[in-house]
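Okay, structure first, notes after.
Letters go in sequence order (proteins before strands), and every chain restarts at 1.
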Number of protein chains: 2
Amino acid sequence: MLTAMAAAPSERADAVRNRQKILAAAARLVAAGAAERLSLDEVARVADVGVGTVYRRFGDRAGLVFALLEEQHQLFRARVVEGPPPLGPRADAGDRLRAFLHALVDLSVGQRELLLLAESSSPPARYLSASYDFQHAHAGRLIAELRPDADAAFLADALLAPFAPSLIDHQCRVRGFSPERIKAGFDQLVHGTLESAR
Amino acid sequence: MLTAMAAAPSERADAVRNRQKILAAAARLVAAGAAERLSLDEVARVADVGVGTVYRRFGDRAGLVFALLEEQHQLFRARVVEGPPPLGPRADAGDRLRAFLHALVDLSVGQRELLLLAESSSPPARYLSASYDFQHAHAGRLIAELRPDADAAFLADALLAPFAPSLIDHQCRVRGFSPERIKAGFDQLVHGTLESAR
DNA sequence: GAGACAAACGGAGATTTCTCCATATCCATA
DNA sequence: TATGGATATGGAGAAATCTCCGTTTGTCTC
């Protein structure tokens with residue numbers, strides 16, 4: 001469980017085929033609105049594959065959903081690592097951090113459904129995923145550059161914590177926050193709006 | 001589901017009795033180390049009650065676990081509302097906010113097991129609970145007092161987000177953060193350590 | 001090609017969560 | 001204290017997640 005799934009060194013042809021079939025079936029079901037209650041039995045049935053195969057390929061529900069999210073995360077990662085500033089390199093750390101948080105807001109709001117599904121399948125999986133590792137490392141680097149004496153590892157966790165899918169969803173649906181308001185909120189947080197506290 | 005359970009205006013005597021038996025059984029099982037995999041069937045069996053009764057009383061797993069946490073939260077709430085400063089009233093807002101966050105660190109670390117269980121039962125339940133409402137309102141009030149022009153509702157969510165049980169657990173177990181380090185991290189966050197970002 | 005071995009498949013079934021409703025229990029009223 | 005109706009009970013069973021393992025399929029070697 002909680003397995004991150006990258007194609008192993010040499011994966012048999014039938015395994016690759018089935019991985020595709022399962023991902024396609026799951027994507028189709030999610031697109032069809034069966035997101036909230038996505039049953040792996042049903043995925044297997046639609047993919048025309050045994051349930052055991054789904055579990056062998058993806059470990060558990062969370063693994064399957066993370067695999068579905070993987071493509072978007074690769075794109076995001078590429079924009080951060082080699083895209084144009086201010087998200088990509090060659091902007092100063094402050095601007096990059098701001099752009100990074102804003103982009104994450106859009107990503108989190110846009111993928112809300114799948115992210116919620118992943119979280120409900122296994123809340124701790126987020127912190128064990130390659131994608132969180134990347135986000136934490138990137139934010140940590142920028143913070144360390146801005147403030148060499150701060151606890152960058154903690155602050156990176158703290159800045160990423162509000163992207164927990166259920167909180168984003170709660171803010172959007174219950175509190176009625178717009179993505180712009182959330183972005184502005186992060187600006188305030190990062191700009192030391194609370195500084196007088198003490 | 002996600003039901004917050006306060007004793008209804010007039011609850012029948014057998015209902016009250018069974019509520020107690022179930023809570024006692026659940027507490028006993030958790031204390032006995034069966035926390036990670038606490039089965040409601042087993043709770044029912046130990047409480048000598050039908051499964052249906054457990055669900056009627058508590059709605060679902062999350063409801064039962066929140067009920068187990070309730071007592072601690074009442075105590076915490078009382079300390080905040082009418083305890084001695086700096087956590088209680090009659091300290092300035094900055095000191096109260098700091099004390100509040102520090103106390104929450106201790107509470108979150110101390111109740112880690114039960115909180116994880118609650119989160120894994122239903123991640124969004126946290127944001128719908130009376131206890132989160134209280135924390136959000138309290139932090140929001142203090143923030144508004146410190147910075148009347150800030151978005152207190154968002155910032156309160158953002159300051160509470162790092163208390164997500166799976167993050168706290170990850171920081172304690174995987175990153176090896178001590179409670180003191182987490183408290184110091186919150187101090188940096190609140191003191192505007194990141195301010196030069198921009 | 002044929003054989004051998006590892007890898008993958010599939011689906012029966014164990015486990016768990018939660019629902020439903022026929023039955024049992026409580027209690028307000030008279 | 002008898003009674004009627006609202007409330008609560010309990011366990012069978014529906015639905016979902018995940019495991020286990022006998023069988024099948026790929027792939028590597030000769």
Side-chain angles (χ1 to χ4, degrees), chain A residues 1-3 5-23 25-26 29-30 34-67 116-125, chain B residues 1-3 5-23 25-26 29-30 34-68 117-125:
Chain A
M1 37 194 82
L2 306 186
T3 333
M5 283 287 142
S10 79
E11 199 174 39
R12 257 170 52 169
D14 50 349
V16 173
R17 214 164 37 236
N18 281 332
R19 176 192 302 285
Q20 312 292 1
K21 287 205 291 184
I22 293 165
L23 283 173
L29 285 172
V30 167
E36 187 54 41
R37 216 50 194 177
L38 178 67
S39 136
L40 292 212
D41 269 358
E42 194 173 2
V43 171
R45 207 161 36 67
V46 171
D48 195 32
V49 136
V51 207
T53 302
V54 177
Y55 283 90
R56 160 168 282 269
R57 287 300 112 216
F58 296 100
D60 61 4
R61 261 169 75 89
L64 175 56
V65 180
F66 272 101
L116 273 172
L117 196 55
E119 185 190 46
S120 78
S121 302
S122 168
Chain B
M1 36 195 81
L2 306 186
T3 334
M5 282 286 141
S10 77
E11 198 174 42
R12 256 170 53 170
D14 49 351
V16 173
R17 215 163 36 234
N18 281 330
R19 176 192 301 285
Q20 312 291 0
K21 287 205 291 182
I22 292 165
L23 283 173
L29 284 173
V30 166
E36 188 52 42
R37 215 53 194 174
L38 179 68
S39 136
L40 292 213
D41 268 358
E42 194 174 2
V43 170
R45 208 164 34 70
V46 171
D48 195 32
V49 137
V51 206
T53 302
V54 177
Y55 283 90
R56 160 169 281 269
R57 287 298 115 218
F58 296 99
D60 61 4
R61 263 170 72 89
L64 175 56
V65 179
F66 271 101
L68 284 174
L117 196 55
E119 185 190 47
S120 79
S121 302
S122 169

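Between B:R57 atom CZ and D:dT7 atom P the separation is 12 Å, expressed in whole Å. Look at CD on A:E42: it is 16 Å from P on D:dC18, rounded to the nearest Å. For the pair A:E36 CD and D:dA16 P, the interatomic distance rounds to 13 Å; values are reported in whole Å. Nucleotide C:dC9 holds its P atom 10 Å from the CZ atom of A:F58, rounded to whole Å. Taking atom CZ on B:R56 and atom P on D:dG11, their separation rounds to 15 Å, with Å as the unit. In this structure, OH of A:Y55 is placed 16 Å from P of C:dA12, rounded to the nearest angstrom.
Between A:S39 and D:dT17 there is a side-chain N or O to OP1 or OP2 distance below 4.0 Å. Checking the phosphate oxygens (OP1, OP2) of D:dA8, no side-chain nitrogen or oxygen of B:T53 falls inside 4.0 Å. Look at B:R45 and you won't find any side-chain N or O under 4.0 angstrom from OP1 or OP2 of D:dG11. The side chain of A:R61 places no N or O atom within less than 4.0 Å of a non-bridging phosphate oxygen (OP1 or OP2) of D:dC18.
With sequence neighbours excluded, the residues that form a side chain to side chain donor-acceptor pair (under 3.5 Å) with A:R12 are A:D14.
Of the possible polar contacts, none joining the B:R61 side chain to the B:S120 backbone as a donor-acceptor pair under 3.5 Å is found.
Here the nucleotide nearest the side chain of A:V49, chosen from C:dG10, C:dA8, C:dC18, is C:dG10. Of the listed nucleotides (C:dC9, D:dT17, C:dG11), C:dG11 has the atom at the smallest distance from the side chain of A:V51.
Looking only at side-chain heavy atoms (C-beta outward), B:L64 and B:L23 come within less than 4.5 Å of each other. Counting only heavy atoms from C-beta outward, the side chains of A:V16 and A:R19 never approach each other to under 4.5 Å. Looking at A:E11 and A:R57, their side chains come closer than 4.5 Å, going by heavy atoms from C-beta outward.
Of the two residues near DNA chain D, B:D48 and A:S121, the one whose nearest nucleotide lies more 5' is B:D48. Each of B:L40 and A:G50 lies near DNA chain C, and the nucleotide nearest A:G50 is the one positioned closer to the 5' end. Two residues, B:D41 and A:G52, neighbour DNA chain C, and the one matched to the more 5' nucleotide by heavy-atom proximity is A:G52.
Across every non-hydrogen atom of A:A47 and A:I22, the tightest pair is CB-CA, 3.9 Å.
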Shorter than 3.5 Å, N or O on both sides, protein versus nucleotides 24-27 of chain D: list them out with atom names.
from	atom 1	to	atom 2	distance (Å)
D:dT25	O2	A:R12	NH1	3.1
D:dT25	O2	A:R12	NH2	3.0
D:dG26	O4'	A:R12	NE	3.3
D:dG26	O4'	A:R12	NH2	3.4
D:dT27	OP1	A:A13	N	3.0

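A side chain to side chain contact (heavy atoms under 4.5 Å, CB included) with B:V43 is found for one member of B:V30, B:V51, B:V49, B:L38 and no other, namely B:L38.
Among the protein residues, A:L64 comes within range of no part of the nucleic acid, since none of its heavy atoms lies under 4.0 Å from any strand.
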